[in-house]
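Let me begin by presenting the structure, written as structure tokens, before commenting on it.
Convention: sequence-line order gives letters A, B, ...; per-chain numbering from 1.
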Amino acid sequence: MMLAEAGTRNQAGERRRGRSAWWRGWRTPRVQELRMSVIEWRAESIRDPVERLRFLRNTVDAGTIAPVPAVRPARRDGRRMVHAGMAVAALLTVVAFMASPTSSTSLGTYPAHFLMPPPAPQPAGEEAQKVWQVEVTRDYETYSNGLRIEKAYETSGNPRVPYPAYRRRDPQLASAEMRSGPAGIVYHTTESHMAPFEPEENGQMQRIGASVLDFVRRNHCYHYLVDRFGRVFRVVAEGDIANHAGLSIWADEKYAYVNLNGSFLGVSFETETRRGEDNPEISPAQIHSARILTDMLRYKYAIPAGNCVTHAQVSVNPGNMRIGYHTDWAGNFPFTEIGLGDNYEEPLASVFAFGFDYDGIFVQSTGRRLWQGLRASDEQVTLQASVLGMPVPAYKRILRQRYEKILAATRAATQKGENNNEE
Amino acid sequence: MKNDKTAGGALGLDVGTSRICVAREDGGAYKFRTELNAFVTIPYSKMTENVLKREGIPHTVQDGELIVHGNESEKFADLLNVDIRRTMTAGLLSPSEPESLSMMRQILGNMVGEENSPRKLCFTVPAPPVGAQDSLTYHEATIRQILTDLGYEVRSVNEGLAVIYSELESSNYTGIGVSLGGGLCNVCMAYLSVPVLSFSIPRAGDYIDLSAASVTGERANRIRLVKEESFHLNGFFSDKVHQVLGVYYDEMIRTLVQAMREAFAGAKTLPKLGRPIPLVLSGGTTLPSGFRERFEKILKEENLPVPVSEVRLASEPLHGSAKGALIAALTDL
């Protein structure tokens with residue numbers, strides 16, 4: 001769709017007048033040139049040739065190419081385009097646009113292909129090894145990789161119903177595939193009281209552990225809980241919904257997921273969150289158990305390593321449009337030790353696809369690792385906005401309108417299965 | 001004969017005058033299969049048919065004749081001392097060949113197979129020759145219909161653009177793609193993957209073969225074999241056939257470059273290029289050693305109005321268009 005066409009489709013007279021100043025600016029040759037430079041710069045960051053071509057074909061069309069009246073011979077005076085410099089110039093253009101009058105924006109009046117950046121390759125992690133069930137009894141299950149799942153606290157909840165996975169190929173995210181198997185894992189902490197991890201505290205630790213298990217069982221909090229001694233308890237059956245990540249967002253290379261209770265499994269560690277760079281209080285036994293549990297689940301459901309994420313990465317608060325409503329495992333989850341890539345580097349779909357913000361408190365609680373993902377998310381938003389020639393706040397307003405639609409669609413699609421226990 | 005039905009995923013198809021090449025992705029690598037886009041008829045006998053069946057040679061029985069198509073047709077033509085027949089001429093379905101449609105259906109069916117579930121396929125179409133914009137319609141619609149009947153979700157891509165998709169990822173699909181095949185030379189200029197100018201000229205490999213054959217008195221088939229097996233463009237020719245081939249190669253290249261110069265100079269709107277762009281050559285006619293150097297020399301002499309940073313050969317000249325068509329199909333998935 002052409003930008004000029006998009007402009008004429010805006011039927012609201014006031015809004016149209018309000019946008020006209022920057023819209024006219026958008027069509028100047030210099031701005032078009034800058035825009036093409038940004039698009040080119042973006043394309044170069046996409047390694048996969050098919051994805052790169054798809055991005056370009058979705059972003060550039062014949063009418064957006066700046067024409068020149070006549071072809072000029074090659075210039076050999078060193079005035080070649082310097083990509084980085086042009087990108088900076090493009091960002092300056094955004095700043096210039098911010099001074100231009102804008103009015104409310106609406107989803108659908110802008111070229112759709114600017115609303116979703118092309119996916120970047122996710123951290124691969126280790127390949128999921130073949131794991132199979134060896135023994136099943138009334139009390140436990142054992143698996144070929146040494147995993148033992150205790151069933152003493154197992155309960156059932158509402159069965160998982162088909163949930164929408166929104167195709168990233170459709171930049172509007174308007175097209176969804178209904179899926180039924182778990183698409184990923186969200187890691188949590190119980191935030192429960194922690195007795196010292198010493199032999200003389202065994203009794204106290206066991207009492208607290210039992211109490212925690214009883215609580216999470218009654219509230220259907222997670223699918224699995226790894227206690228302080230590394231024992232793995234199944235709490236909610238894998239085929240049922242646990243109330244572990246109600247308002248939440250994640251995206252992999254192909255799909256975006258909203259409200260992960262229905263689409264992701266919840267695995268919690270009996271521990272409490274530490275801020276920033278502090279090491280978590282987690283035992284080697286817990287890490288080992290989490291690793292073999294993750295291996296089993298990844299193999300069983302073909303879950304990509306990039307979809308194994310922490311609650312802090314996915315949690316959102318639509319009330320104030322900020323991420324990080326929950327901050328468990330905000331900056332120190334042992335991804336590598338569990339056999340996963342460092343997903344903290346991943347840009348957050350809540351930010352780049354739906355326009356969520358974050359505050360200083362969240363940044364303080366995350367530390368350097370998650371901050372990398374936040375920075376990548378911000379860069380994507382800035383670039384998308386600059387390609388469109390819009391101020392970032394206006395662009396975010398468009399993304400947020402989309403979130404409202406997607407959230408409503410997700411709730412409608414999963415209404416039967418959800419018990420409305422959103423956090 | 002095995003077709004690519006079982007491979008899964010999208011297919012790219014280069015439907016050329018001389019050869020048809022199908023590309024597919026297998027374990028992250030591109031795989032190709034090429035068949036001669038030709039056939040030969042031989043008198044029917046039960047014994048001959050049994051031999052063809054036993055050897056797995058693709059053939060059909062029609063009106064009391066056996067029709068051998070694809071790669072094997074060349075051997076039989078040699079054996080029977082006749083010229084192979086072509087389904088296409090000058091890049092399009094041959095209007096003078098009564099069997100062109102049925103043979104094209106046979107060859108394509110043999111190569112890609114029938115598909116029961118929706119599967120993407122992208123095939124190449126030539127750019128219209130200058131001044132003949134409508135001549136492609138029948139050709140493209142017919143190929144599309146054949147492939148749709150086989151059960152594919154079909155789209156087409158300009159042949160020169162396919163070369164760009166195949167070879168110019170490093171320049172963000174900005175540059176000039178030239179496909180020099182049997183019937184046509186196809187030229188396309190793209191900016192950030194968007195085609196901004198394309199055309200074809202009806203002088204390519206077949207023109208060289210026929211012209212050289214008429215001068216030397218040899219059969220066109222024989223000229224083609226010489227061209228593919230021993231010809232080179234280094235300026236020293238060992239015999240008359242090589243010398244004649246050199247003359248017609250030069251003429252074809254110069255005609256092509258002049259057409260490019262005129263097309264670019266006459267284009268009303270071209271994108272503003274911030275830097276010189278690459279030009280990539282693909283197709284069977286580029287195979288003789290020294291071709292790239294000769295092309296580059298003539299290009300410099302003709303002073304193309306578009307700044308060119310380099311002239312290079314496709315990594316696999318015989319498969320470039322098919323690979324580009326596959327990438328177009330994958331992009332559309």
Note to self: If I compare all heavy atoms of A:R57 with all of B:S193, which pair ends up nearest, and what's the gap?
What the structure shows: CG-OG, 3.5 Å

Notebook entry, point to check: Roughly how far, to the nearest 0.5 Å, is the CD1 atom of B:I327 from the CZ atom of A:R54?
Noted result: 12.0 Å

Item checked: Stepwise side-chain contact (heavy atoms from CB on, under 4.5 Å) check, B:Y173 with A:R52 -> CA-CA 9 Å; B:Y173 306 102; A:R52 184 188 290 197; 4.0 Å; yes

Check: Hey, what do you get for CG (A:D48) to OG1 (B:T331), rounding to the nearest 0.5 Å?
Finding: 8.5 Å

